[in-house]
Amino acid sequence: MTISYAHMLRFSTSFFNGKLSFTSDNKGRRTQLLPFASLKRPDNNIIIDPKVDSLQDGVKWDDKGLAVAIARNVDTGAILMQGFANREAVFSTLSSRKATFFSRSLSTLWTKGETSNNYINIHDVFLDCDRESIIYLGKPDGPTCHTGAETCYYTSVFDSLKQQEIERNRLALSSLYSLESTISQRKVELAEENGKPSWTKRLLINDKLLCSKIR
């Protein structure tokens, strides 16, 4: 069973002003909270809601204080990328609603999109049943992969074994979204059609045939 931070915490977007923490109510009014326990970041101190801090105590961080963090598209279910997060990265993700990770090579926090502006806007955060990994469920502003691909997971092992050319528009999707992606691709290929069209392309160019198929 997965556990959602959003379902366990009454957590709203926070704004930080020195040592004080503010939270917005449903009417957009700001209410001051008392400063609770703080974690020291490399650049400043941040105030942490004690319920968030308590929940993170149950996460099985490794000996370096890290856990695997996987970003997933809230609309399509596609896996966007995988990184690592520590306590501060998770808290930053919850407060900023931007997917934030911990860079092992640079030993610092980094927010996806801070240089490309292709942020992953967080809708929810989930823990697995053993609390060993984290899912950032969000909507990306643009391509997630540094190659320009929509996700970092566009390489099919089965296609590679068949020595098929790797396509960066290939996504690790569920069956329904995979079908939608295939149909969209066939639609793009219509203008380049040579010879006998495929069945899918015939449906796309023949409204009567398409309606018959749907019925």
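FYI, the numbering just counts along the sequence from 1.
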**OP:** I would like to know whether I120 and M81 meet side chain to side chain contact (heavy atoms under 4.5 Å, CB included); could you show each step before the answer?
**Re:** CA-CA 10 Å; I120 298 176; M81 62 171 291; 4.3 Å; yes
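- Here the shortest heavy-atom pairing between P143 and G148 reads CB-O, 3.4 Å.
- Rounding to the nearest 0.5 Å places SG of C152 at 8.0 Å from CG of L80.
- No donor-acceptor pair closer than 3.5 Å links the side chain of N73 to the backbone N or O of G77.
- In this structure, a donor-acceptor pair under 3.5 Å is absent between the side chains of T144 and T151.
- Side-chain N or O atoms of T100 include one that pairs as donor or acceptor with a backbone N or O of K98 at under 3.5 Å.
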**OP:** Show your reasoning for whether side chain to side chain contact (heavy atoms under 4.5 Å, CB included) applies to R131 and L55.
**Re:** CA-CA 10 Å; R131 299 200 176 191; L55 189 58; 3.6 Å; yes
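- Here the closest non-hydrogen pair linking N86 and G65 is CB-O, 3.2 Å.
- The closest side-chain heavy-atom distance from R87 to D57 is below 4.5 Å.
- Between the side chain of E114 and the main chain of T111, a donor-acceptor pair closer than 3.5 Å is present.
- Atoms CG and CZ, from L210 and R215 in turn, are 9.5 Å apart once rounded to the nearest 0.5 Å.
- Contact detail for A85 and A69: the closest heavy-atom pair is CB-CB, 3.9 Å.
- For the pair F102 and S107, the minimum side-chain heavy-atom distance is below 4.5 Å.
- The side chain to side chain donor-acceptor pair (under 3.5 Å) test applied to D141 returns N121, not counting sequence neighbours.
- Applying the ring-ring contact (aromatic ring centres under 6.0 Å, His included) rule to F101 yields the partners W110, Y136; only residues at least two apart in sequence or on another chain are considered.
- Side chain of S96 to main chain of S92: a donor-acceptor pair is present (N/O by atom type, distance under 3.5 Å, no hydrogens or angles).
- Partners of K64 by salt bridge (charged side-chain N to carboxylate O under 4.0 Å, His left out), not counting sequence neighbours: none found.
- To the nearest 0.5 Å, atom CH2 of residue W61 and atom CD of residue Q56 are 4.5 Å apart.
- Note that CG of D75 is 6.5 Å distant from NE2 of H123, once rounded to the nearest 0.5 Å.
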Original post:
For S103 and T108, what are the C-alpha separation, side-chain angles and deciding distance, and is it a side-chain hydrogen bond (donor to acceptor under 3.5 Å, both in side chains)?
Top reply: CA-CA 5 Å; S103 171; T108 188; over 6 Å; no
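- Under the 4.5 Å side-chain heavy-atom criterion for Ile, Leu, Val, Met, Phe, Trp and Tyr, I122 and Y119 are members of distinct hydrophobic clusters.
- Salt-bridge annotation for R97 and D124: absent, with no side-chain N of the basic residue lying under 4.0 Å from a carboxylate O of the acidic one.
- Under a hydrophobic clustering in which Ile, Leu, Val, Met, Phe, Trp and Tyr are joined whenever their side-chain heavy atoms come within less than 4.5 Å, directly or via other members, L209 and I214 fall into the same cluster.
- Counting only heavy atoms from C-beta outward, the side chains of L137 and V125 never approach each other to under 4.5 Å.
- Distance check: D207 CG to S212 OG gives 12.5 Å after rounding to the nearest 0.5 Å.
- F126 places none of its side-chain heavy atoms less than 4.5 Å from the side chain of I134.
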